[in-house]
There are 2 protein chains.
Amino acid sequence: MKTRRDVFQAIADPTRRAIIMLLTVGALTPNAIADHFNSSRQAVSKHLQILTECEIVNQEQQGREIHYHLNADKMKDIEKWLEQFKQLLAKRFEQLDTVLEQLKLNRP
Amino acid sequence: MKTRRDVFQAIADPTRRAIIMLLTVGALTPNAIADHFNSSRQAVSKHLQILTECEIVNQEQQGREIHYHLNADKMKDIEKWLEQFKQLLAKRFEQLDTVLEQLKLNRP
DNA sequence: AATTTGCGCAATCAAATAGTTGCGTTTAAA
DNA sequence: TTTAAACGCAACTATTTGATTGCGCAAATT
């Protein structure tokens with residue numbers, strides 16, 4: 001398995017989903033984030049690293065602290081995919097409609 | 001990590017996302033699905049197993065063939081989460097708006 | 001009846017993940 | 001200046017994942 005770094009990978013983990021939610025409110029440091037969970041700082045740090053690689057999060061150094069900002073725009077990738085899916089599904093139902101329509105026409 | 005079986009896990013893999021897309025058009029057998037990719041039947045079968053456990057897909061036995069149907073409803077779980085996220089984000093901007101509003105009021 | 005086809009299942013393997021522990025570095029506080 | 005806090009990074013472990021191979025069973029085909 002090649003290491004994938006995309007939004008879908010990012011949100012696959014429940015802790016990361018929680019971190020994303022946390023960061024919607026505002027930028028936080030790894031310690032601040034870890035305080036909200038039962039996770040250790042290092043564990044959070046690893047997730048932040050992945051989220052950074054997925055470009056869902058940016059770092060901002062402030063003195064000895066690093067503030068992690070959410071890049072909410074990246075979440076649109078999920079929306080885009082969902083939209084594609086829904087369009088395909090709609091088309092499928094259109095086809096079904098066509099079939100049903102034809103059945104109606106052929107009725108005696 | 002306890003094995004999670006949720007929609008987020010299901011869509012984390014690109015092959016599984018492709019399978020989901022394929023199944024929007026209609027139910028297919030593992031072999032039929034495998035024909036659309038460079039994946040082997042067994043590899044596809046494993047993904048189908050996961051998708052089944054995630055309840056994104058249902059099996060329907062027809063003789064010696066098994067047709068895999070998409071349970072499109074399950075995809076709403078993703079939408080729900082995205083919606084939650086967007087609401088949180090909106091609230092954040094509301095707060096920002098309040099702050100900006102106050103800054104304006106304090107202007108000379 | 002013999003063969004082929006479609007499939008699940010188990011065993012196996014390499015790579016990735018999630019997590020921990022233990023550094024070292026830089027910045028801030030005493 | 002010494003000490004403490006906030007990190008990143010590397011090493012290490014257990015667990016999961018994605019994929020392959022080979023087997024066996026049941027349903028079609030011949």
Side-chain angles (χ1 to χ4, degrees), chain A residues 1-23 26-71 78, chain B residues 1-23 26-71 78:
Chain A
M1 177 178 47
K2 220 185 316 162
T3 309
R4 277 170 285 102
R5 285 293 122 106
D6 54 31
V7 216
F8 300 100
Q9 188 68 16
I11 64 162
D13 184 85
T15 305
R16 283 199 290 270
R17 286 201 297 280
I19 291 177
I20 289 172
M21 287 302 201
L22 256 183
L23 293 185
L28 289 173
T29 64
N31 272 326
I33 295 168
D35 285 347
H36 284 80
F37 305 108
N38 310 19
S39 302
S40 68
R41 179 185 65 80
Q42 280 86 347
V44 166
S45 232
K46 274 213 161 187
H47 284 303
L48 285 172
Q49 200 179 307
I50 292 172
L51 288 172
T52 304
E53 285 168 15
C54 294
E55 294 180 303
I56 279 193
V57 141
N58 324 335
Q59 305 176 7
E60 183 208 359
Q61 189 99 28
Q62 272 187 22
R64 69 178 160 182
E65 292 185 345
I66 295 177
H67 292 257
Y68 284 86
H69 294 260
L70 184 69
N71 174 20
I78 306 167
Chain B
M1 177 180 50
K2 221 185 315 162
T3 307
R4 278 169 286 104
R5 283 294 124 104
D6 55 30
V7 217
F8 301 99
Q9 188 68 17
I11 64 163
D13 184 85
T15 304
R16 283 199 290 271
R17 286 201 296 279
I19 291 177
I20 289 173
M21 287 301 200
L22 254 183
L23 293 184
L28 289 173
T29 64
N31 272 327
I33 295 168
D35 285 348
H36 284 81
F37 305 108
N38 310 20
S39 301
S40 68
R41 179 186 64 79
Q42 280 85 348
V44 166
S45 231
K46 274 213 160 186
H47 284 303
L48 285 172
Q49 199 179 308
I50 292 171
L51 289 172
T52 304
E53 285 168 15
C54 295
E55 296 180 303
I56 279 193
V57 140
N58 322 333
Q59 304 177 5
E60 184 207 0
Q61 189 99 28
Q62 273 187 21
R64 70 179 159 180
E65 292 184 346
I66 295 176
H67 292 257
Y68 284 86
H69 294 261
L70 184 69
N71 173 21
I78 306 167

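Lettering of chains follows the sequences in order, A, B, ..., and the numbering in each one begins at 1. All heavy atoms count here, side chains included; hydrogens, waters and symmetry mates do not.
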Name the nucleic acid region contacted by A:Glu65, choosing base, sugar-phosphate or nothing; use a 4.0 angstrom heavy-atom cut-off, strictly under. sugar-phosphate
Requested in this report: For atom NE2 of B:His69, decide whether the heavy atoms of other residues, nucleotides or ligands shown that lie under 6.0 angstrom number more than 12.
Outcome: yes
Checklist line | Touch class at under 4.0 angstrom, heavy-atom based, for A:Ser40 against every strand present | finding: sugar-phosphate
Winner on side-chain proximity to B:Thr29, out of D:dG18, C:dC7, C:dA18, is C:dC7
Check: For the side chain of B:Gln61 and the backbone of B:Gly63, is there at least one donor-acceptor N/O pair under 3.5 Å apart?
Finding: yes
When rounded to whole Å, the CD1 to C1' distance for the pair B:Ile33 and C:dG6 reads 13 Å
Counting any heavy atom closer than 4.0 Å, what does B:Gln62 reach on the DNA or RNA strands: base, sugar-phosphate only, or nothing? nothing
A:Arg41 CZ to C:dG24 P, in whole Å, measures 15 Å
Taken to the nearest whole Å, CG/B:Asn38 to P/D:dG18 is 17 Å
Whole-Å distance, A:Asn31 CG to D:dA5 P, equals 11 Å
Taken to the nearest whole Å, CD/B:Gln9 to P/D:dG18 is 7 Å
CD1 of A:Ile19 to OH of A:Tyr68, rounded to nearest 0.5 Å, is 10.0 Å
Per the atom types in the model, does the base of D:dA26 pair as donor or acceptor with the side chain of B:Arg64 at under 3.5 Å? no
Phosphate OP1/OP2 of D:dA6: any A:Tyr68 side-chain N/O under 4.0 Å: no
A:Leu48 atom CG is separated from C:dA18 atom P, nearest whole Å, by 13 Å
*Using a cut-off of strictly less than 4.0 Å, decide whether A:His47 has a side-chain nitrogen or oxygen near OP1 or OP2 of C:dG19.*
yes
- B:Ser39 near the nucleic acid: base, sugar-phosphate alone, or nothing, with a heavy-atom cut-off under 4.0 Å? nothing
Ranking C:dT17, C:dG8, C:dT20 by distance to the side chain of A:Arg5, first place goes to C:dT17
When rounded to whole Å, the CD to P distance for the pair B:Gln42 and C:dA11 reads 16 Å
Looking at B:Ile11, is its backbone amide N or carbonyl O close enough to the side chain of B:Arg17 to form a donor-acceptor pair, meaning the two atoms are under 3.5 Å apart? yes
Among the nucleotides D:dA19, C:dT20, D:dC7, whichever has the atom closest to the side chain of A:Pro30 is D:dC7
Between CD of B:Glu53 and P of C:dG8 the distance, given in whole Å, is 13 Å
(request) May I ask you to decide whether B:Asp13 forms a salt bridge with B:Lys46, counting only side-chain N to carboxylate O separations under 4.0 Å? (result) no
Among C:dT20, D:dC7, D:dG8, the one nearest any side-chain atom of A:Ser45 is D:dG8
